[in-house]
*Asks:* 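My structure is below; once you've seen it, I'll send some questions.
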Amino acid sequence: MMADFDVVVIGSGPGGYVTAIRASQLGMKTAIVERAELGGICLNWGCIPTKALLKSGEVYETLDHLADYGLSVEKRGFDFDKVVQRSRKVSAQLNQGVAFLMKKHKIEVIAGTAKLEKGDPAPKVVVALNGGGSRTVQAKHVILATGARARTIPAIGLEPDGERVWTYREALVPKAAPKNLIVIGSGAIGIEFASFFRALGSEVTVIEALPRILPVEDEEVSKAAHKAFEKRGIKFRVGASVKKLTKTASGVSIDIEAGGKPETLTGDVAIVAIGIVGNVEDLGIEALGVKVDRTHVVTDQHGGTGVPGLYAIGDVAGPPWLAHKASHEGVHCIEHIAGLKPSNLTSPIPGCTYSNPQVASVGLTEAQAKEQGLEVKVGRFPFRVNGKAIASGETEGFVKTVFDAKTGALIGAHMIGAEVTEMIQGYVLAMTLEATEAELHATVYPHPTMSEAMHESALDAFGQVLHI
């Protein structure tokens, strides 16, 4: 059977649309199938609109501290509907940008829901078109980039209803900021929403089943974040398991158990942020022989599923569930298909939490490095003695670096503070280039900048710190 396309990508999130663009750049006739908005969850209901909300919260919170800068304002206030509408406009702008990129690169967009059937040289893609009817296309290669959605547990009441129980999607378009909010889960999504709503005055309590918040982060950063968020008025229940959520006449009631003791929390609204599950249902992949492990497609190092011509990338292919990881995997996958030497799939992947203060990291934590039997050298440098941080009134937090003591290689970096999500890329590049302490020590950092703390942390690991 003649192929209609060289490549069909299913899903247009940051993994899917970037993969399609790279395929087009490589001369492949490409189509992308999308059942909802171009840009996927990230651009429309995730990464981007949450950052717009968080910026509004950050600016509003800053107004509380104008006197520290010798400034004043007569009256502080906000229009919640306009805050939400601004975030929607930001998403709409980027959605239109993806549409432009599809047109620019001559990528055909098929609006509908895809299902796979046996085909040659790759599975056939049968699309139930959004406008009615269906269309079947054959490609030489099919790439699944269907993403993931919020994990829910209906059996104990952790299921969104759009009114009192939200996932990230409902939390992006509420009618008003709840007076009393309970967030279940203290990963990046939960903490970001806790940070935003607290900035606008909501009373916020975060429940975390593990012993500490932001559990994937280095323990020192986790402890510092806990302290910083509590200072802003966020309350925490750590080591607490949720037994049941019950909707009440006025909101929600949540039964938890912490330290063997039962407790009941009440609030107006609960946000469920307990992880995500891959979008693998109704794709027909099991009938093709694709292996699925805990809602994620099992792949090889190039995204191959074991089924000829079928690949999977991004959230549907497993952790880390990050947009930039999905894009990176997609480029690697399509370059492998094209017969090129693909970009390094094992490149270090940074993680960022856009709360106030921000948290960013890459590589191994100190504990992980020691668990692997590595001898480490650890450096730290606080922003409270950094000139730019002091001038900016942003002295909270620190930079921590982890080195292999034997080779001097940078193997991990962890930060908490203002704009550390922008700074972490310096360490990501260093790790990608396999930098050692020698290169980091010899690098000239501009003054005055908060990035100087990155230099000082690397110096501190080897007993050469200059400003403390």
Side-chain angles (χ1 to χ4, degrees), residues 54 57-58 60-65 68 180-240 256 258-259 263 265 267 271 273 350-362 365-368 378-386 388-390 392-402 412-424 450 453-454 456-457 460 465 468:
L54 284 159
E58 177 191 343
Y60 188 67
E61 196 172 31
T62 300
L63 295 177
D64 263 345
H65 306 284
D68 297 339
N180 192 315
L181 172 67
I182 300 174
V183 179
I184 305 171
S186 75
I189 293 173
I191 287 296
E192 287 183 0
F193 279 116
S195 188
F196 166 67
F197 283 107
R198 180 57 194 156
L200 295 189
S202 298
E203 293 295 323
V204 179
T205 301
V206 178
I207 302 171
E208 173 55 55
L210 294 174
R212 58 187 178 90
I213 68 167
L214 294 171
V216 302
E217 300 294 343
D218 185 89
E219 189 168 356
E220 287 185 60
V221 169
S222 176
K223 288 180 179 178
H226 190 135
K227 184 177 180 180
F229 298 144
E230 280 193 330
K231 182 180 177 182
R232 286 168 171 77
I234 298 175
K235 301 173 185 177
F236 292 97
R237 297 289 190 278
V238 296
I256 67 173
E263 183 180 356
L265 303 177
I271 294 178
C352 299
T353 302
Y354 299 82
S355 50
N356 189 10
Q358 295 181 3
V359 174
S361 60
V362 64
T365 66
E366 181 180 358
Q368 288 169 340
V378 177
R380 301 171 184 82
F381 194 82
F383 287 121
R384 60 180 169 77
V385 292
N386 172 272
K388 177 64 180 300
I390 294 170
S392 302
E394 301 282 7
T395 57
E396 192 170 41
F398 59 88
V399 176
K400 177 178 179 178
T401 45
V402 184
H414 311 275
M415 306 178 179
I416 178 170
E419 298 305 326
V420 295
T421 57
E422 298 291 339
M423 293 164 57
I424 193 65
M450 293 184 71
M454 298 168 64
E456 294 278 11
S457 180
D460 182 57
V465 66
I468 52 174

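Please read these numbers as outputs of a predicted model, since none were measured by experiment.
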*Asks:* Please answer whether the main-chain N or O of T401 pairs with a side-chain N or O of S457 as donor and acceptor at a distance below 3.5 Å.
*Replies:*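 Yes: the side chain of S457 pairs with the backbone of T401.
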*Asks:* For L214 and A188, work out which heavy atoms get closest and say how close.
*Replies:*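 Looks like CD2-N, 4.2 Å.
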*Asks:* Does the pair V183 and V204 meet the rule for a side-chain contact (heavy atoms from CB on, under 4.5 Å), with working shown?
*Replies:* CA-CA 7 Å; V183 179; V204 179; 4.2 Å; yes
*Asks:* With rounding to the nearest 0.5 Å, note down the distance linking CG in L54 to CZ in F193.
*Replies:*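 Separation between the atoms: 8.0 Å.
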*Asks:* State whether the side chain of E456 and the backbone N or O of F381 hold a donor-acceptor pair below 3.5 Å, judged by distance alone.
*Replies:*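 Judged by distance alone, no pair lies under 3.5 Å.
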*Asks:* Would you mind reporting whether F383 and E394 have side-chain heavy atoms less than 4.5 Å apart?
*Replies:*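 They are not in side-chain contact.
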*Asks:* Can you tell me how far apart CD (E208) and CZ (R237) are? Round to the nearest 0.5 Å.
*Replies:*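 E208 CD to R237 CZ: 14.0 Å, rounded to 0.5 Å.
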*Asks:* Can you list the residues that meet the salt bridge (Lys or Arg N to Asp or Glu O under 4.0 Å) rule with E203, with sequence neighbours excluded?
*Replies:*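 Once residues adjacent in sequence are excluded, the partners of E203 under the salt bridge (Lys or Arg N to Asp or Glu O under 4.0 Å) criterion are R198.
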*Asks:* For F398, enumerate each residue passing the ring-ring contact (aromatic ring centres under 6.0 Å, His included) test, keeping only those at least two apart in sequence or located in another chain.
*Replies:*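 Expected list: none.
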*Asks:* With rounding to the nearest 0.5 Å, note down the distance linking CD1 in I256 to OG1 in T205.
*Replies:*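 Spacing of CD1 (I256) from OG1 (T205) equals 9.0 Å.
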*Asks:* Kindly determine whether E217 and I416 satisfy side-chain contact (heavy atoms from CB on, under 4.5 Å), including the steps that lead there.
*Replies:* CA-CA 10 Å; E217 300 294 343; I416 178 170; over 6 Å; no
*Asks:* Quick check: do R232 and P357 have side-chain heavy atoms less than 4.5 Å from each other?
*Replies:*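 Yes, their side chains come closer than 4.5 Å.
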*Asks:* So, the side chain of S195 versus the backbone of N356: is there a donor-acceptor pair under 3.5 Å, distance only?
*Replies:*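 Yes.
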*Asks:* Look only at the side chain of S186 and the backbone of I191, and say whether a donor-acceptor pair between them is shorter than 3.5 Å.
*Replies:*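 Checked: no pair found.
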*Asks:* Tell me, do I213 and F229 make a side-chain contact under 4.5 Å, heavy atoms counted?
*Replies:*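 I213 vs F229: side chains touch.
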*Asks:* Just verifying a value: how many Å separate I182 CD1 and I207 CD1, rounded to the nearest 0.5 Å?
*Replies:*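 It comes to 5.5 Å.
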*Asks:* Rounded at 0.5 Å granularity, tell me how far CZ in R212 sits from CD in E219.
*Replies:*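 The CD atom of E219 is 5.0 Å from CZ of R212, to the nearest 0.5 Å.
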*Asks:* Considering all heavy atoms of both residues, which atom of A360 and which atom of V420 are nearest to each other, and what is their separation?
*Replies:*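 Answer, listing the atom of A360 first, then V420: CB-O, 3.6 Å.
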*Asks:* Distance from L63 atom CG to E58 atom CD, nearest 0.5 Å?
*Replies:*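 Atom-to-atom, L63:CG and E58:CD are 11.0 Å apart.
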*Asks:* Between M450 and E419, is any pair of side-chain heavy atoms under 4.5 Å apart?
*Replies:*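 With C-beta onward as the side chain, the pair stays apart.
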*Asks:* Using the side chain to side chain contact (heavy atoms under 4.5 Å, CB included) rule, pick out the option among V359, T421, I189 that qualifies with T353.
*Replies:*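 Checked V359, T421, I189 against T353; only one passes side chain to side chain contact (heavy atoms under 4.5 Å, CB included): V359.
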*Asks:* Charged N to carboxylate O under 4.0 angstrom, R380 versus E366?
*Replies:*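 Yes.
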*Asks:* Where do M415 and I424 land on the side-chain contact (heavy atoms from CB on, under 4.5 Å) test, with the steps shown first?
*Replies:* CA-CA 8 Å; M415 306 178 179; I424 193 65; 4.1 Å; yes
*Asks:* With sequence neighbours excluded, tell me which residues meet side chain to side chain contact (heavy atoms under 4.5 Å, CB included) with T365.
*Replies:*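 D218, A367, Q368, H414.
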